[in-house]
Number of protein chains: 2
Amino acid sequence: MKSKGEEQKGRIVEAANDLFYRRGVGRTSFADIAEASGIQKGNFYFYFKTKEELLLAVLQRRHDFFARLLSEWETALAEPKDRLHRMVDIPLRDRDDVIRYGCPLGSISAELGKSLPVSKSQTQPQATFRLILDWMEKQFTALGRKEDAAFLSRRLLSHMQGASLLGHAFEDDVWIIEETEDLHHFIDTL
Amino acid sequence: MKSKGEEQKGRIVEAANDLFYRRGVGRTSFADIAEASGIQKGNFYFYFKTKEELLLAVLQRRHDFFARLLSEWETALAEPKDRLHRMVDIPLRDRDDVIRYGCPLGSISAELGKSLPVSKSQTQPQATFRLILDWMEKQFTALGRKEDAAFLSRRLLSHMQGASLLGHAFEDDVWIIEETEDLHHFIDTL
DNA sequence: GTCTATAGACAGATAGAC
DNA sequence: GTCTATCTGTCTATAGAC
């Protein structure tokens, strides 16, 4: 049973997550989040001392989302190839959002990378990318490609990120559709 | 002979270009640009009515830079393959900056794509990407790949963008070194 | 009475416009 | 260099549950 506080905290994080994605962290104010969540901004400090603390909660949420997703695929799908196919399909399935706002991981990583004083929130997207890379390496290793598993994982992830960035820049899903097709073919011919 | 006004305007654009790249547009204030350029911010309004107008001048500068570069390569290098090799070498040559601040085109495109009211500055990075894509297609066509020139160009550019984004995210040039090598091989086997 | 949670006003700093 | 708006961050009075 969740306490009322936990529930309210969750609503703030949810609203912030959505606004950070659509408008960017820098262009989202507490007033915006207050309006979207229906919670007065005076309350925010009861739950989060600074904006960065709230940002960290949002990034943790995205990290947990991926951790759960990857874990689910490992139990639901027996074949490593099927898991990888499922992975490269993410931008395609979410293409409407990717076209409009970019990749939720890549775009926030790019935004946070610009701030000069290196803070904890800056290394969080890195950790989530790392989680995905390690998972990919595991699948490639299971396919007998232990030696170049790291290389293949980097290739897959950079492909996906490049396609998402350009699909967003041009607001054209041809980038995502084509690259996804190419990646499926890449996995099949391993 | 440049007038003093033109020179001052150029200095403002130059300082803004640098700061927009390193800190991001949103985190760069007029005060920062004033300090970097040595020009009082009170004067800015004489040259640029709004921050967006200054941003447009910066984006135009980057566009002109690429237009000149691509044009130079067409006269200096006879072989289309050599031109393409030169192109994919850009992130590698600039890798120190790319690792620290990302791709000057990709990162600003990602940042501007987050603002909601669609403004003119948002479509400018798109135009520069378009310039590069058209140039690539021209080279592929000269190599007898007219049919899939657009496809190959998208592939090349998304590869480069993905590698730059992740090299920046991880602050590790392995992404750029590896992907560049791969792209050289890709061009050689055309 | 005490703890959790809420609401609104307000300070200080800083932004861009002029 | 001034003006005004807006931002993050703080303070305090208080409501309700138990």
Side-chain angles (χ1 to χ4, degrees), chain A residues 1-60 108 111-112 114-122 124, chain B residues 5 8-9 11-61 108 111-112 114-122 124:
Chain A
M1 184 72 186
K2 264 188 194 170
S3 70
K4 180 154 190 205
E6 284 297 306
E7 200 183 303
Q8 293 282 75
K9 194 172 179 176
R11 277 173 65 191
I12 295 172
V13 173
E14 205 174 326
N17 180 53
D18 184 54
L19 286 166
F20 285 175
Y21 178 43
R22 292 192 285 114
R23 300 188 197 173
V25 180
R27 270 191 272 265
T28 301
S29 72
F30 282 122
D32 296 328
I33 301 167
E35 197 191 1
S37 64
I39 294 164
Q40 295 300 319
K41 70 172 172 144
N43 269 342
F44 290 7
Y45 289 90
F46 181 75
Y47 299 106
F48 307 99
K49 302 294 168 229
T50 63
K51 192 182 183 181
E52 172 156 13
E53 223 173 89
L54 172 55
L55 173 59
L56 275 170
V58 168
L59 293 172
Q60 189 63 52
I108 206 164
E111 182 179 358
L112 300 180
K114 295 281 182 181
S115 58
L116 277 189
V118 178
S119 60
K120 207 186 165 194
S121 55
Q122 240 180 101
Q124 182 56 58
Chain B
Q8 289 239 315
K9 196 172 178 176
R11 277 172 63 192
I12 297 171
V13 173
E14 204 173 328
N17 179 54
D18 184 55
L19 287 166
F20 285 176
Y21 177 42
R22 293 192 286 114
R23 300 188 197 173
V25 180
R27 269 190 274 262
T28 301
S29 70
F30 282 126
D32 296 328
I33 301 167
E35 196 189 3
S37 65
I39 294 165
Q40 296 297 319
K41 70 169 175 154
N43 284 341
F44 289 8
Y45 186 71
F46 179 76
Y47 299 109
F48 307 99
K49 300 300 168 211
T50 63
K51 193 181 184 183
E52 171 157 15
E53 227 173 86
L54 171 56
L55 172 58
L56 275 169
V58 167
L59 294 173
Q60 188 63 50
R61 186 192 145 101
I108 205 164
E111 183 179 359
L112 300 181
K114 295 283 182 180
S115 57
L116 275 189
V118 178
S119 60
K120 207 184 164 194
S121 55
Q122 242 180 98
Q124 183 55 56

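Below, each value reflects all heavy atoms present in this structure, side chains not excepted, and no hydrogens, waters or symmetry copies. Predicted model only: the values in this text are computed from it and were never measured. A, B, ... follow the sequence lines: proteins, then strands. Residue 1 opens every chain.
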J.: Grab the CG-P distance between A:L54 and D:dG9 for me, whole Å please.
T.: 10 Å
J.: Taking any heavy-atom pair under 4.0 Å as a contact, classify B:F46: base, sugar-phosphate, or nothing.
T.: nothing
J.: Please tabulate the protein-to-nucleotide N/O contacts below 3.5 Å involving nucleotides 16-18 of chain D, giving atom names and distances.
T.:
none

J.: Looking at A:K51 and A:V25, would you say the former's side chain and the latter's main chain have a donor-acceptor pair under 3.5 Å?
T.: yes
J.: What are the residues of residues 28-41 of chain A, sorted by number, that bring a heavy atom to within less than 4.0 Å of DNA chain C?
T.: A:Q40, A:K41
J.: Please report the shortest heavy-atom distance between B:Y47 and B:I12, naming the atom on each side.
T.: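 Heavy-atom minimum between the residues: CD1-CD1, 3.6 Å.
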J.: What is the distance, rounded to the nearest whole Å, between atom CG of A:N43 and atom P of D:dA13?
T.: 17 Å
J.: Side-chain N or O of A:Q8 versus OP1/OP2 of C:dA5: is the shortest distance under 4.0 Å?
T.: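 So the side chain of A:Q8 is outside the cut-off, no N or O lying under 4.0 Å from OP1 or OP2 of C:dA5.
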J.: Do you know which two heavy atoms are closest between B:L19 and B:A36, and how far apart they sit?
T.: CD1-CB, 3.9 Å
J.: Respond yes when some side-chain nitrogen or oxygen of A:Y47 is under 4.0 Å from OP1 or OP2 of C:dT6, and no when none is.
T.: yes
J.: Between A:F30 and A:T50, which heavy-atom pair has the shortest distance, and what is it?
T.: CZ-C, 4.4 Å
J.: Only counting residues at least two apart or in another chain, list the ones meeting side-chain contact (heavy atoms from CB on, under 4.5 Å) with A:K49.
T.: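 Only A:E53 meet the side-chain contact (heavy atoms from CB on, under 4.5 Å) criterion with A:K49.
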J.: Please give the stem ranges for DNA chain C, sorted by first residue number, where a stem is three or more consecutive Watson-Crick or G-U pairs and both donor-acceptor distances are under 3.5 Å.
T.: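 DNA chain C forms these stems: C:1-18 with D:1-18.
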J.: Just jot down the ring pair (Phe, Tyr, Trp, His ring centres under 6.0 Å) partners of A:F48, sequence neighbours excluded, or say none.
T.: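 Counting only residues at least two positions away or on another chain, A:F48 forms no ring pair (Phe, Tyr, Trp, His ring centres under 6.0 Å).
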J.: Sorted by first residue and then second, give each side chain to side chain donor-acceptor pair (under 3.5 Å) pair with at least one member in residues 30-45 of chain A; sequence neighbours left out.
T.: A:R23-A:D32, A:S29-A:D32
J.: Between A:F44 (CZ) and C:dC10 (P), how many Å, whole number?
T.: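 Nearest whole value for this atom pair: 20 Å.
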J.: For B:R22, does its backbone N or O pair with a side-chain atom of A:K114 as donor and acceptor, under 3.5 Å?
T.: no
J.: Of all heavy-atom pairs between B:A16 and B:V58, which one has the smallest distance, and what is that distance?
T.: CB-CG2, 3.8 Å
J.: Distance check needed: C:dA13 C1' versus A:K51 NZ, whole Å only.
T.: 15 Å
J.: Any donor and acceptor pair, going by atom type alone, linking the side chain of A:E111 with main-chain N or O of A:G26 inside 3.5 Å?
T.: yes
J.: Could you point out which residue of A:I108, A:N17, A:L54 forms a side chain to side chain contact (heavy atoms under 4.5 Å, CB included) with A:L59?
T.: A:I108
